[in-house]
**Q** 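Dropping a structure here in structure tokens format, bear with me for questions.
What you see is a predicted model; the values in this text were computed from it and never measured. Scope of the values below: all heavy atoms of this structure, side chains included, with no hydrogens, waters or symmetry mates. The sequence lines fix the lettering, A, B, ..., with proteins before strands; numbering per chain opens at 1.
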Number of protein chains: 4
Amino acid sequence: MTVPVNDAPRPRRDVARNNQALLDAAATVFARSGVGASVREVAGEAGVGVATLYRHFPSRSDLVAAVYRHQVEECAEAGPGLLASSATPYDALVAWVRLFVDFLGTKHGLARVWEGDSAGFTALHRMFVERLVPVLSDLLDAGREAGQIVAPTSAYQLLRAIGDLVAWTSPDPDYDVRASVALLVSGLRQRPPAL
Amino acid sequence: MTVPVNDAPRPRRDVARNNQALLDAAATVFARSGVGASVREVAGEAGVGVATLYRHFPSRSDLVAAVYRHQVEECAEAGPGLLASSATPYDALVAWVRLFVDFLGTKHGLARVWEGDSAGFTALHRMFVERLVPVLSDLLDAGREAGQIVAPTSAYQLLRAIGDLVAWTSPDPDYDVRASVALLVSGLRQRPPAL
Amino acid sequence: MTVPVNDAPRPRRDVARNNQALLDAAATVFARSGVGASVREVAGEAGVGVATLYRHFPSRSDLVAAVYRHQVEECAEAGPGLLASSATPYDALVAWVRLFVDFLGTKHGLARVWEGDSAGFTALHRMFVERLVPVLSDLLDAGREAGQIVAPTSAYQLLRAIGDLVAWTSPDPDYDVRASVALLVSGLRQRPPAL
Amino acid sequence: MTVPVNDAPRPRRDVARNNQALLDAAATVFARSGVGASVREVAGEAGVGVATLYRHFPSRSDLVAAVYRHQVEECAEAGPGLLASSATPYDALVAWVRLFVDFLGTKHGLARVWEGDSAGFTALHRMFVERLVPVLSDLLDAGREAGQIVAPTSAYQLLRAIGDLVAWTSPDPDYDVRASVALLVSGLRQRPPAL
DNA sequence: TATGAATGAGAGTTCATTCAT
DNA sequence: GATGAATGAACTCTCATTCAT
């Protein structure tokens with residue numbers, strides 16, 4: 001009798017190590033030079049050859065998505081809990097947006113997530129839509145049901161607005177991104193003007 | 001024999017012509033390919049050599065600023081009139097924002113205006129601050145005096161938020177920039193949540 | 001305890017299997033993508049790792065030679081028979097050339113056999129010279145003895161000419177390699193012009 | 001009255017100089033490393049940057065064609081004269097082939113001219129067909145009319161056969177390309193065997 | 001003054017070969 | 001013995017900017 005313990009042999013030690021090194025390096029480099037950083041810079045930071053980077057992440061899209069996957073997941077998973085533990089749905093929404101802003105806050109150039117696939121952001125774009133939109137949608141629904149939210153804004157629309165606001169963050173002492181996001185969220189409480 | 005009548009002689013005819021041709025070309029190209037368009041594309045569109053472009057506008061910053069100067073002026077000048085002709089200061093603010101959004105609407109990649117001088121946007125940045133911030137400031141003050149605006153948002157803060165929202169516009173049928181801006185403006189009517 | 005019965009123990013079953021798989025794969029791949037095909041393609045076709053390929057055939061030269069060894073042998077062995085069964089030595093020569101052309105016909109890029117070892121063809125080159133030149137030499141001698149061949153062309157010279165003609169075959173509907181070879185062989189029947 | 005001396009202003013001195021330097025360099029490098037040599041090698045040999053090479057010759061095809069244009073022209077132009085000055089059409093053919101072989105003789109890797117456009121030889125291929133085929137065709141026709149040539153070989157077919165024979169020339173003391181070509185041409189004098 | 005050719009660094013990507021597992 | 005991940009040099013091509021004409 002044959003007992004296939006595991007179809008896929010466990011990954012080699014060094015492969016896993018490199019993979020992690022690449023993710024760490026990419027995170028560092030992306031934070032430093034923006035998401036458009038050169039592949040060489042990332043590989044160099046990780047201490048591996050460029051081809052190794054290509055082996056692990058065939059397209060830039062894959063790398064970008066991989067780098068942010070964990071954080072996207074955390075964001076997505078936090079939604080229901082916040083809804084349960086907050087005083088009101090609107091409070092939950094605010095709390096979740098805070099989380100999302102914290103996540104995006106340190107990344108440069110992440111606004112380009114929204115540009116179709118022009119720059120290799122398709123995978124991350126999809127992750128955002130697939131994981132985050134439903135979560136935010138639930139929060140908005142709850143807020144609407146409670147009468148706290150009246151603006152007819154879709155989850156995607158709001159997510160993207162926040163994203164655009166936060167993602168191109170540049171160090172400007174006279175500008176407070178979080179205040180802008182707060183303004184935006186605050187706008188949900190009433191009918192917005194026609195523009 | 002040459003007699004320099006004047007220290008700053010009026011510019012030669014062809015120089016002026018080239019200058020205008022370059023501005024027109026840049027406007028066209030920026031609208032088509034974004035502000036990051038290649039210098040060759042602009043020079044080619046204007047029908048002049050690249051070096052001519054460099055002579056007229058030593059840095060990209062200068063070119064970008066020159067291209068948008070007129071429109072920035074128009075925006076700035078429209079402020080007082082709107083305040084006078086609108087039913088309420090808030091209405092005037094909304095109307096002015098509409099103008100501003102219209103202005104930014106057709107440019108691609110203008111978000112970079114806010115990135116210090118990283119991509120040569122310093123001059124435009126300064127124009128925005130010098131001409132537009134005071135105008136928007138007046139509008140906000142009026143709204144506040146009328147009790148219509150309560151959020152403690154500075155003119156610069158608001159300008160930049162709108163800019164970030166509008167400028168990275170990519171053709172996404174599921175996203176409506178103006179709706180996001182409306183949300184933001186609507187948020188001015190009450191105290192925003194702490195974030 | 002290990003008792004080495006034999007200095008050269010017969011190869012392990014799987015080793016032999018891999019060897020054959022590699023040869024088959026190489027034949028397939030060479031026919032499809034040319035002799036310059038990537039090592040990964042060959043290894044992949046064989047279903048083994050690249051390093052296995054390198055173990056079996058340390059240099060590309062070895063692989064190429066091994067792949068064509070059988071066919072070279074067949075060609076070599078057919079010579080005497082043709083001489084015996086053909087009406088005239090010249091007919092035998094033509095028949096043998098046909099065989100040789102058939103052999104080369106399906107391989108791409110085999111002209112490089114003649115480039116010293118630049119691309120790893122030394123081993124195959126040697127096989128050609130050692131096995132085929134004598135056979136062709138006999139055919140030429142017979143033809144000469146019968147008075148059918150008068151051009152002072154050596155076997156190596158002729159072999160190589162045919163090889164160059166046939167081997168760089170590219171799919172060109174306006175070109176018929178066999179016709180060129182026929183022309184060449186036909187030239188043997190008289191003194192060629194000085195060139 | 002306007003007298004347009006020349007619509008296109010005469011090329012700048014340095015441009016012409018660079019152009020020539022590039023052609024010379026390419027000729028040198030092609031002779032040394034083959035036609036597949038890297039663009040950097042050519043640019044380096046010419047003492048210019050790679051981009052300069054790209055400006056002058058946008059595709060490899062253009063460079064290759066330019067390098068050999070003069071010689072192709074000479075070959076083409078020599079045809080009629082040879083026909084007039086030779087004792088017989090066949091002698092003229094032989095003389096012309098000699099010229100052609102001289103031309104191809106020093107180039108490495110020129111066999112690839114015949115590979116469709118796979119490697120950037122399209123332009124040269126076209127030159128060969130357009131300029132040389134008609135010339136060779138006339139020679140063959142004359143030979144046929146004189147009864148000296150009987151093989152039903154087209155000019156293109158013959159040109160290509162010679163090309164394949166000559167072009168992959170590698171330094172092999174035991175092999176004489178010219179002898180092979182002589183054999184081929186000699187074959188034209190009678191019906192070739194079926195192959 | 002206007003031109004566009006020259007520059008050279010840097011981008012992404014591929015591949016034969018080696019080496020740790 | 002077999003594996004396939006890692007390597008790093010090589011490739012083509014592009015661009016903002018400078019400089020000779």
**Q** Identify, between B/Gly49 and C/Val39, the residue whose nearest nucleotide on DNA chain E lies closer to the 5' end.
**A**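 The residue mapped nearer the 5' terminus is B/Gly49.
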**Q** Choosing from E/dT17, E/dG8, F/dG8, which nucleotide comes nearest the side chain of D/Ala51?
**A**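 Closest nucleotide to the D/Ala51 side chain: E/dG8.
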**Q** Consider the side chain of D/Tyr54, meaning its heavy atoms from C-beta on, and name the nucleotide among F/dT12, F/dA16, E/dA2 that approaches it most closely.
**A**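 Closest nucleotide among those given: F/dT12.
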**Q** Can you tell me the distance, in whole Å, between the CZ atom of D/Arg60 and the C1' atom of F/dT12?
**A**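 Spelled out: CZ on D/Arg60 to C1' on F/dT12 is 9 Å.
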**Q** Keeping A/Arg126 on the side-chain end and A/Ala65 on the backbone end, is there a donor-acceptor pair under 3.5 Å?
**A**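 No.
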**Q** Specify the separation, in whole Å, of atom CD of C/Glu41 and atom P of E/dT14.
**A**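 Rounded to the whole Å, the gap is 14 Å.
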**Q** With heavy atoms under 4.0 Å as the rule, sort C/Val48 into base, sugar-phosphate or nothing.
**A**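 Sugar-phosphate only.
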**Q** May I have the distance from D/Arg17 (atom CZ) to F/dA20 (atom P), rounded to whole angstrom?
**A**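 That distance rounds to 11 Å.
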**Q** Rounded to the nearest 0.5 Å, what separation is found between the CG atom of A/Asn18 and the CZ atom of A/Arg55?
**A**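 Rounded to the nearest 0.5 Å, the CG-CZ separation comes out at 11.0 Å.
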**Q** Give one of base, sugar-phosphate or nothing for C/Ser38, where a contact means two heavy atoms less than 4.0 Å apart.
**A**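 Sugar-phosphate only.
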**Q** Round to a whole Å and report the spacing from CZ of B/Phe57 to P of E/dA2.
**A**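 From B/Phe57 CZ to E/dA2 P: 12 Å.
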**Q** Please tell me which of the listed nucleotides, E/dG4, F/dA9, F/dA10, lies nearest to the side chain of A/Val50?
**A**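 Nucleotide nearest to A/Val50's side chain: F/dA9.
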**Q** Enter the distance from D/Leu63:CG to D/Tyr68:OH here, rounded to the nearest 0.5 Å.
**A**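 Output value for this atom pair is 9.0 Å.
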**Q** Rounded to the nearest 0.5 Å, what's the gap from CD on B/Glu41 to CZ on B/Arg32? Could you check?
**A**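 So the gap between those two atoms works out to 5.0 Å.
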**Q** Could you tell me how far apart D/Leu63 (CG) and F/dT12 (P) are, to the nearest whole angstrom?
**A**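 Between P of F/dT12 and CG of D/Leu63: 11 Å.
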**Q** Would you kindly compare A/Thr52 and C/His56 by the position of their nearest DNA chain F nucleotide and give the one closer to the 5′ end?
**A**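 The residue whose closest nucleotide sits nearer the 5' end is C/His56.
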**Q** If I take atom CZ in residue C/Arg55 and atom P in nucleotide F/dT3, what distance separates them, rounded to the nearest angstrom?
**A**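 Between P of F/dT3 and CZ of C/Arg55: 10 Å.
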**Q** Nearest 0.5 Å, what's the OH-CG distance between C/Tyr54 and C/Asp62?
**A**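 C/Tyr54 atom OH to C/Asp62 atom CG measures 12.0 Å (nearest 0.5 Å).
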**Q** Can a donor-acceptor pair be found, under 3.5 Å and without considering hydrogens, that links the side chain of A/Asp24 to the backbone of A/Ala21?
**A**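 The answer is no, because no donor-acceptor pair under 3.5 Å joins these two groups.
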**Q** Could you check whether any side-chain N or O of A/Arg69 sits under 3.5 Å from a backbone N or O of A/Met127, counting only pairs where one atom can act as donor and the other as acceptor?
**A**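 Here the side-chain-to-backbone pair does not exist.
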**Q** B/Asn18 side chain: which of F/dT12, E/dA2, F/dA2 is closest?
**A**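 My answer, after comparing the listed nucleotides, is E/dA2.
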**Q** Let me know the distance between CG of C/Asp62 and P of E/dT17, rounded to the nearest Å.
**A**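 Roughly 12 Å, once rounded to whole Å.
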**Q** Could you check B/Ala37 against A/Leu53 and say which one's nearest nucleotide on DNA chain F is further toward the 5' end?
**A**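 Closer to the 5' end of DNA chain F: A/Leu53.
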**Q** Quick one: pull up CG in A/Leu53 and CG in A/Asn19 and give me the separation to the nearest 0.5 Å.
**A**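 So the gap between those two atoms works out to 10.0 Å.
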**Q** Roughly how many Å is it from CG in A/Leu22 to C1' in F/dA6, rounded to a whole number?
**A**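 Roughly 11 Å, once rounded to whole Å.
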**Q** Do any side-chain nitrogens or oxygens of D/Arg40 fall under 4.0 Å of OP1 or OP2 in F/dC11?
**A**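 Checking D/Arg40 against F/dC11: no side-chain N or O falls below 4.0 Å of OP1 or OP2.
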**Q** If you write DNA chain F from 5' to 3' in dot-bracket form, with Watson-Crick or G-U pairs under 3.5 Å, [ ] for crossing pairs and | for pairs with another strand, what do you get?
**A** .||||||||||||||||||||
